[in-house]
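These notes are about the structure you will find just below.
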Amino acid sequence: MIIDVHTHLNNYHEDKVRSIDDCLEALEQSMAANGVDYALVLTSYKVTPNRPPTSDVVARVRDHKRLGVVAGISFMNFKERDLREVADFLKDGHVKGLKLYPGYEPFYPHDKRCQVIYDLAMEFDVPVMFHTGDTYAPTGKLRFSHPLHIDDVAVDNPNLKIVICHIGNPWIRDCMEVVYKNKNVFADFSGLVLGDFTDRFEKFMLDQVREMIMYAGEPRYLLYGTDWPISSMESYLRFVRTLEITDAEREMIMWRNAADLFRIDTAALAKLSRPAPSAGAGKRAPAKA
Ligand SMILES: [Zn+2]
């Protein structure tokens with residue numbers, strides 16, 4: 001089984017408008033072509049013609065058995081009514097987690113204004129995902145996206161489940177320590193490349209992920225995620241195949257950890273029939289962020 005905890009329905013080809021339905025179709029095709037059983041779609045911290053609001057994504061995805069939504073929240077602009085809307089989606093089970101974007105927005109994860117968001121996540125027992133590490137946009141501010149700041153949130157909220165997205169890349173050692181020390185912190189290794197890994201970069205990253213498992217131990221904290229359409233699913237699956245780990249560890253990373261963390265019903269997923277991959281699916285040119 002494969003669960004991808006990190007995908008988007010945003011259109012990153014911002015020179016041409018692409019509808020949410022086109023993006024959704026491309027996601028379904030790529031999942032089918034790569035045998036991905038379930039994916040979480042993360043919404044943005046901002047709404048633009050290329051970045052649909054959570055309500056639109058929920059409306060498209062709510063009856064889709066292989067997709068769930070993680071609601072992006074803008075630290076700068078969230079209002080009480082936004083949290084009420086998210087609370088309703090959490091109640092219905094359509095939203096499986098929350099996402100914050102430090103670095104893209106200038107705030108530290110331990111800012112007191114975030115506590116109401118963490119309280120909401122704990123009330124519904126869903127994880128909060130954090131963007132960490134490199135910001136693709138040069139306007140991002142890196143001091144806010146350093147994974148070390150997650151430690152404060154983890155310590156002050158021992159019952160909050162946290163995901164460090166992108167393993168803090170390039171501050172992967174800091175991420176290692178934060179997941180090692182805090183049992184409530186997980187990490188996804190999505191978005192390490194734009195498009196496909198080159199051989200050299202793949203080797204470099206494989207070494208880092210191996211080092212992480214060696215340091216932090218049994219990878220009960222590590223989650224498979226791609227950041228599709230920024231990174232290609234094909235390239236990520238090859239990346240994981242190349243990782244020298246036991247079958248049990250592979251299962252944890254590919255789906256077991258995610259199923260527990262996001263409470264995904266894998267028994268129900270196993271019963272679904274798999275759509276046949278359509279011709280040409282998965283061969284799309286990789287998107288650039
Ligand atoms: Zn992402």
Side-chain angles (χ1 to χ4, degrees), residues 2-14 18 20 23-24 26-27 30-31 34 36 38-48 50-54 56-58 61 67-75 95-105 107 109 126-142 144-147 150 162-172 175 186-197 205 209 222-237 239-240 253 258 261-262 284 286-289:
I2 303 173
I3 296 176
D4 185 337
V5 302
H6 196 135
T7 71
H8 298 283
L9 288 180
N10 301 332
N11 170 34
Y12 295 99
H13 298 275
E14 297 199 352
R18 208 171 164 203
I20 177 173
C23 294
L24 181 58
L27 174 60
S30 195
M31 287 172 68
N34 291 288
V36 176
Y38 189 90
L40 288 171
V41 175
L42 280 44
T43 60
S44 182
Y45 60 98
K46 59 182 178 184
V47 175
T48 71
N50 289 306
R51 292 169 186 246
T54 300
D56 284 8
V57 175
V58 167
V61 163
L67 295 174
V69 179
V70 170
I73 295 173
S74 166
F75 171 85
V95 162
K96 305 257 179 218
L98 309 178
K99 169 121 190 244
L100 287 168
Y101 291 81
Y104 287 105
E105 293 189 303
F107 72 99
V126 297
V128 177
M129 304 179 79
F130 290 91
H131 172 82
T132 67
D134 179 54
T135 55
Y136 299 107
T139 48
K141 290 183 175 167
L142 294 173
F144 299 110
S145 61
H146 197 291
I150 303 299
I162 296 170
V163 179
I164 296 180
C165 298
H166 322 301
I167 54 173
N169 178 41
W171 300 297
I172 299 175
C175 172
F186 300 75
D188 82 36
F189 51 67
S190 69
L192 301 178
V193 284
L194 301 183
D196 294 315
F197 286 95
M205 274 299 167
V209 173
L222 203 55
L223 304 165
Y224 178 77
T226 57
D227 217 2
W228 185 95
I230 292 167
S231 308
S232 90
M233 291 193 181
E234 291 80 3
S235 199
Y236 255 83
L237 287 172
F239 178 77
V240 180
I253 295 171
L261 184 60
F262 292 95
R284 277 165 196 279
K288 291 270 189 302

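Just follow the structure's listing: the first ligand is 1, and inside any ligand the first atom is 1. No experiment lies behind these values; they were computed from the predicted model shown. For the single chain, residues carry numbers from 1 onward in sequence order.
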Going through the distances and angles, do Asn34 and Tyr236 end up as a side chain to side chain contact (heavy atoms under 4.5 Å, CB included)? CA-CA 10 Å; Asn34 291 288; Tyr236 255 83; over 6 Å; no
Exactly one of Phe75, Phe130, Tyr101 clears ring pair (Phe, Tyr, Trp, His ring centres under 6.0 Å) with Tyr45, and that residue is Tyr101
Within the 3.5 Å criterion, strictly below it, is a donor on Asn10 or Tyr12 matched to an acceptor on the partner's side chain? yes
min-distance N/O/S atom, Asp227 vs the Zn ion (ligand 1), resolves to OD1
Give a yes or no on whether the ring-centroid distance for Tyr104 and Phe144 is below 6.0 angstrom. no
Does any N, O or S atom in His131 come within less than 2.8 Å of the Zn ion (ligand 1)? no
With a cut-off of 2.8 Å, does His6 put an N/O/S atom close enough to the Zn ion (ligand 1)? yes
